[in-house]
Structures are given as C-alpha cells and as structure tokens.
Amino acid sequence: MERKASPGAATKPLNGSDAGPRTGSLAQQIEGAYQRIGVTGAHRSIVFMILLGVFFDALEQNAVGITGPVLREAWGLGGAEIGLLNTMTFTATALGRLATGLIVDKYGRRQMLVINLIIFAGGSLLCAVAPNYPVLAAGRFIVGFGLGGEIAVAVIMMAEFFAAKHRGTAVGLINVTAAGLGNMLAPAFGILVFTLFDGPDKWRWVFGLLFIPALLVMFFRRFVPETPRFLASKGRLDEANMVITRLARGKLSGPIHDPEQFITAAPDPVEAKSTGHWKDALRGKLLKRTVLLCIAVCMSYAAQISMLTLMPTILVAQGFEVKTSLWFTLIMQSGSLLGAATAAFLASRLARKKVLTGAAILGCAAGLSMAFLASNITLVIIFGVLFNFAVIILNTTIWLFAPELYPTRTRGFGTSIILAAGSLSGGLFPLISGAIFDSAGLGGMFTTLAILFIVLAVAVQFPPETFGKPMEEDGETSGDEEAAIYGH
C-alpha cells in the first residue's frame with residue numbers, strides 16, 4: 001500500500017484548501033479525506049496490531065489438527081471425538097461472529113477487538129489445563145467464540161480505515177497473515193512443541209503457549225482507535241475528525257492540537273446519524289447480497305477446512321508418521337500463503353467477481369486433479385498446493401467483498417452473518433468429507449470438493465460489483481442510486 005500524501009502531511013496539519021471543510025455525502029467526505037492522507041505510519045501501526053492477533057488466532061484454529069494424533073494416544077479418543085472438538089470450535093466461531101456483529105454496529109468496533117481476544121485467550125488457557133474431555137470441549141467452544149468475533153472485527157476495521165484504492169489490499173493482509181502464514185506455520189509450531197516437550201501431556205503446551213502472545217497483543221491494541229466511519233455514522237463527527245487527524249499525522253497516542261475538519265455534517269441530517277437496524281442486512285436488496293455471499297463462503301470454507309482438517313489424517317492412514325504428515329501438510333499450506341498474497345495483490349487491480357470466478361475454476365481443476373491424477377505423494381503435494389492456493393484466494397476475496405456490500409449502519413452484522421455461515425460450513429462439512437473419504441476414498445472426497453467450487457462460481461455472479469467504489473455510509477439507496485454507485 002503506497003503512500004500518496006506528501007511527507008509533511010503525516011507530521012503536521014494539512015493547510016490551504018486541503019484543510020477546509022468538505023462537502024458532499026458522508027461517504028464522499030470520508031473517502032475524499034482518506035484519499036488525501038493516503039497510507040501513513042499510523043495506518044501501518046494499526047495494521048500491525050490487528051494482524052499480530054490474527055496470526056495467533058490462525059495457530060489456535062489449527063490446534064485440534066495438531067494435537068489430534070497425540071490426544072488419541074493420551075486419552076484414547078476416537079476420530080469422532082476429535083472431530084467433535086473441531087465442530088465445537090467452528091460452531092462457537094459462528095456464534096461469536098453473529099454476537100459480535102450485533103454489538104459492533106451499536107457500540108463500536110474497537111472495544112470488541114480487545115474483548116474477543118480476552119475470551120479467546122481464556123479459552124486457550126482452559127484447554128491447556130483441562131482435566132478431561134468435557135472440559136477440553138468447553139475450552140474449545142470458548143476459544144471458538146472469541147476467535148470468531150476477533151476475525152469479524154478485524155475484517156470490518158481494516159475495511160473502514162482505508163480508501164477504496166487500498167482497502168482490498170488491507171483486508172487481504174488479514175488472510176495473508178491468518179490463512180497464509182498462520183496455517184502454513186501451524187504444523188511447524190506443532191513440530192517445535194513436540195520436539196521440545198515429551199510425554200502424554202505434551203499436547204497441553206500447544207494450547208498453553210498460545211495464551212502467552214495474546215497478552216502482548218492486548219497491550220498493543222490499547223492504541224487502536226475507533227474507526228472514523230463508525231463514529232461519523234453515529235453523528236460523532238468531532239471524534240471522527242480527531243481520528244482522521246491522527247491518521248494524517250501518523251500519531252495514534254498523545255495530545256492532538258487543532259484537529260482538521262475533514263468531514264462536516266452531511267446534507268441529509270438522517271445520514272449524519274445512523275438509525276439503522278441490524279435486521280436491515282436481512283431485508284430488500286441487502287438480503288439478496290447476504291444470501292449469495294453466504295452460499296459462496298459456505299462452499300469455500302467447506303473445501304478449505306475439509307482439506308486442513310483431514311489431510312494429516314489421510315496421510316497417516318496412507319502409512320506416514322505423524323511428524324512426516326505434518327511436514328507434508330506444511331508444504332501444501334505454502335499454497336495458502338501464496339494464495340493470500342496473490343489475493344491481496346489483485347484486490348487493487350481486478351474486480352472482485354473476476355478474481356472469485358477465476359479462483360473457483362482453478363480450485364475445481366485442482367480438486368479433480370487430486371481426485372483422479374494424484375497417484376503418488378509428489379503429485380498429492382503439488383495438487384494440494386494448487387488447491388490451497390485457489391481456496392485462499394476465494395476466502396480472502398470474499399472477506400474483503402463482504403463489508404463493501406453493506407452501509408455502515410449494518411456492516412458489522414451483515415459481514416458477520418457471512419463469516420458465521422462460513423464457520424458453520426467449516427465446522428460441519430469435514431464430517432461429510434470424512435464420511436465420503438471412508439466410503440469412496442480420496443477420489444470421492446475431492447470430487448465432492450471440486451463441485452463446491454462450481455456452486456461458488458455461479459453464486460458470485462449476482463451481487464453488485466464493488467471494486468474501486470466508496471463504501472456506503474448512509475441508508476439504503478434506491479434502485480437508481482444503486483445503479484449509479486455500482487455501474488449496473
């Protein structure tokens with residue numbers, strides 16, 4: 001994300017014509033202010049603090065897959081019990097996202113970012129000290145609840161802090177960190193822990209060590225401000241201008257003197273203070289967008305989590321040792337990092353629907369290749385890398401597409417519904433994939449996953465294109481206004 005403002009804009013108030021009040025709709029004023037200040041050191045600090053938590057979230061999300069083989073030996077758990085831990089995590093993730101979506105649209109984004117991290121850390125600690133399976137399952141549920149809310153708020157905040165030119169790349173960095181670095185390094189984290197610690201309880205260190213970094217992240221996140229878009233939507237224009245001034249001057253802490261007036265009251269008084277209801281995401285044209293993106297994200301998450309959860313087990317079933325399977329899984333997860341980075345790169349260059357359609361076609365081809373051409377471990381790894389590459393492009397693009405489809409008054413809940421649907425699909429579909437693998441083998445399982453990409457490619461053709469457009473700040477637009485905004 002390149003910086004467009006002059007060097008002085010980050011260190012002193014804007015002057016001349018750049019410092020005066022702006023006119024136009026609230027959306028135009030905020031977008032104009034963001035475009036003028038570009039990307040500053042304050043933006044980069046916010047990105048770093050949010051992504052640091054997201055990285056450890058990704059490690060935690062992989063914890064069941066890492067500890068599963070060891071738990072089977074230590075506690076004699078069966079495959080169904082291991083699978084239930086994963087289902088508990090992702091079901092709670094969906095609930096956490098829905099609850100967070102309701103709260104952030106009413107009370108703000110910033111506080112929930114810290115609260116969800118505290119919930120996630122507490123659940124991780126409970127897992128580390130769990131005396132039995134029920135307590136461990138309860139801990140996974142708590143982890144999932146905090147994890148779901150954390151990712152949802154991260155996506156919304158990253159979208160709301162940047163202009164249209166940089167927004168896609170900023171949101172894309174979440175999946176570069178989570179699905180890319182986090183998922184790829186999770187097996188290495190497991191290998192490191194199991195190398196340093198031995199014995200039947202070595203799995204506890206996987207959960208225990210994930211609690212410690214959360215404390216550091218909570219400290220840093222004290223400096224993340226509320227988003228100007230949310231503040232403006234509630235009529236708190238002075239606070240919104242203060243935050244934008246901090247962004248412009250690259251100063252997240254300390255006193256600010258003479259804040260600039262980047263935005264003023266909107267021409268329509270209703271626009272200056274949102275009175276929207278959470279149910280708006282389930283009404284009218286927004287309902288259509290919600291349903292279509294839910295279908296798309298369910299297909300994508302089902303494919304991703306099935307691969308992520310079952311691949312180590314599949315490799316062990318084919319005769320490889322646990323550590324060897326984790327190494328092969330790590331190599332295949334390199335596709336996730338490449339996919340997330342590619343999606344972030346394409347976010348500022350190609351339309352959302354073009355990226356989604358192309359990645360769905362690639363994912364379908366990779367799935368069918370895995371089903372019918374993967375005759376040895378080398379081909380399994382190659383097609384596995386391509387599969388992960390495609391699916392993470394899909395997930396990343398859906399994450400940045402979702403918040404762009406809603407006005408600020410209901411953006412949190414609308415985005416959370418979509419992410420929650422993905423979590424439910426990710427928690428439940430691996431059970432179906434596992435049953436298909438047991439009955440039809442690798443070919444049957446990956447043929448099923450390939451079909452999911454076809455459904456996704458069809459669903460994403462119908463929402464309005466949002467590439468390069470300002471985010472909506474006011475109430476629902478009319479049909480003519482929507483056509484003007486989206487070029488339809």
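Index from 1, following the sequence.
Side-chain atoms of Phe372 and Thr447, non-hydrogen and from C-beta on, do get closer than 4.5 Å to each other. Taking the side chain as every heavy atom from C-beta outward, Phe401 and Val460 never approach each other to under 4.5 Å. The closest side-chain heavy-atom distance from Ile191 to Trp327 is below 4.5 Å. Between Val455 and Val458 there is no side-chain heavy-atom pair separated by less than 4.5 Å. Residues Val297 and Ser425 fail the side-chain proximity criterion, which asks for heavy atoms closer than 4.5 Å. Using a 4.5 Å cut-off on side-chain heavy atoms (C-beta onward), Val129 and Phe207 make no contact. Looking at heavy atoms from C-beta onward, Ile432 lies out of side-chain contact with Thr448 at the 4.5 angstrom threshold. A 4.5 Å side-chain heavy-atom check between Leu394 and Met299 finds every atom pair outside the cut-off.
The main-chain N or O of Pro463 is never found under 3.5 Å from a side-chain atom of Arg289 such that the two would form a donor-acceptor pair. Looking at Tyr133, its side chain never comes within 3.5 Å of a backbone N or O of Leu77 through a donor-acceptor pair. Between the side chain of Asp280 and the main chain of Thr410, no donor-acceptor pair closer than 3.5 Å is present. In this structure, Arg97 contributes its side chain and Leu419 its backbone to a donor-acceptor pair below 3.5 Å. In this structure, the side chain of Ser348 does not engage the main chain of His166 through any donor-acceptor pair within 3.5 Å. Using modelled atom types, no side-chain atom of Thr415 and backbone atom of Gly412 make a donor-acceptor pair closer than 3.5 Å. The backbone N or O of Lys353 lies less than 3.5 Å from a partner atom in the side chain of Glu465, making a donor-acceptor pair. Between the side chain of Arg409 and the backbone N or O of Ser233 there is no donor-acceptor pair closer than 3.5 Å. Within the 3.5 Å criterion, the main-chain N or O of Ile50 finds a donor-acceptor partner in the side chain of Arg221. No donor-acceptor distance shorter than 3.5 angstrom exists from the side chain of Ser300 to the backbone of Ala296, with no hydrogens or angles considered.
In this structure, CD1 on Ile119 lies 7.0 Å from OG1 on Thr100, to the nearest 0.5 angstrom. Between atom CD1 of residue Ile361 and atom CG of residue Leu356 there is a gap of 11.5 Å, rounded to the nearest 0.5 Å. Here the CG-CG distance, from Leu147 to Leu117, works out to 10.5 Å after rounding to the nearest 0.5 Å. Note that CH2 of Trp203 is 10.5 Å distant from CZ of Phe194, once rounded to the nearest 0.5 Å. Distance check, rounded to the nearest 0.5 Å: CD1 of Ile118 to CE of Met112 gives 10.0 Å. We find the CG-CG distance between Asn62 and Asp57 to be 11.5 Å, quoted to the nearest 0.5 Å.
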(request) Run the numbers on Ile392 and Gln304 for side-chain contact (heavy atoms from CB on, under 4.5 Å), then give the verdict. (result) CA-CA 8 Å; Ile392 297 304; Gln304 179 198 5; 3.5 Å; yes
(request) Verify side-chain contact (heavy atoms from CB on, under 4.5 Å) between Phe120 and Glu150, making sure each step is shown before the conclusion. (result) CA-CA 8 Å; Phe120 148 70; Glu150 164 102 358; 5.7 Å; no
(request) Apply side-chain contact (heavy atoms from CB on, under 4.5 Å) to Ile398 and Tyr301, showing your working. (result) CA-CA 11 Å; Ile398 289 173; Tyr301 267 60; over 6 Å; no
(request) Take Ser433 and Ser306, measure what side-chain hydrogen bond (donor to acceptor under 3.5 Å, both in side chains) needs, and give me the verdict at the end. (result) CA-CA 6 Å; Ser433 298; Ser306 293; 2.8 Å; yes
(request) Begin with the C-alpha distance, continue with both residues' side-chain angles, and end with the deciding distance and a verdict on side-chain contact (heavy atoms from CB on, under 4.5 Å) for Met157 and Val224. (result) CA-CA 10 Å; Met157 291 189 78; Val224 177; 3.6 Å; yes
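Between Val176 and Ala344, the shortest heavy-atom contact is CG2-CB, 4.1 Å. Listed here is the closest heavy atom pair of Met158 and Phe162: O-CD1, 3.1 Å. In terms of heavy atoms, Phe230 sits closest to Val104 at CE1-O, 3.4 Å. Between Leu85 and Ala137 the shortest heavy-atom distance is CD2-CA, 3.7 Å. Ala421 approaches Cys294 most closely through the heavy-atom pair CB-SG, 3.8 Å.
In Tyr107, the OH atom is not crowded: 12 or fewer heavy atoms of neighbouring residues, nucleotides or ligands sit closer than 6.0 Å. Counting heavy atoms of neighbouring residues, nucleotides and ligands inside a 6.0 Å radius, atom CD of Gln461 exceeds 12 of them.
If you run salt bridge (Lys or Arg N to Asp or Glu O under 4.0 Å) between Glu160 and each of Arg110, Arg229, Arg109, only Arg109 comes through. Test Phe387, Phe383, Phe437 against Phe446 for ring-ring contact (aromatic ring centres under 6.0 Å, His included) and you get one pass: Phe387.
With 3.5 Å as the limit, one finds no donor-acceptor pair spanning the side chains of Thr397 and Arg352. Side-chain atoms of Ser336 and Gln333 include a donor-acceptor pair closer than 3.5 Å. Residues Asn175 and Thr396 have side chains that bring a donor and an acceptor to within less than 3.5 angstrom of each other.
With sequence neighbours left out, Thr67 forms a side chain to side chain donor-acceptor pair (under 3.5 Å) with no residue at all. For Phe320, the ring-ring contact (aromatic ring centres under 6.0 Å, His included) partners two or more places apart in sequence, or in a different chain, are Phe328.
You'll find the ring centres of Phe161 and His43 outside the 6.0 Å limit.
Under a cutoff of 6.0 Å and an axis angle of 45°, Lys202 and Phe197 do not form a cation-pi pair.
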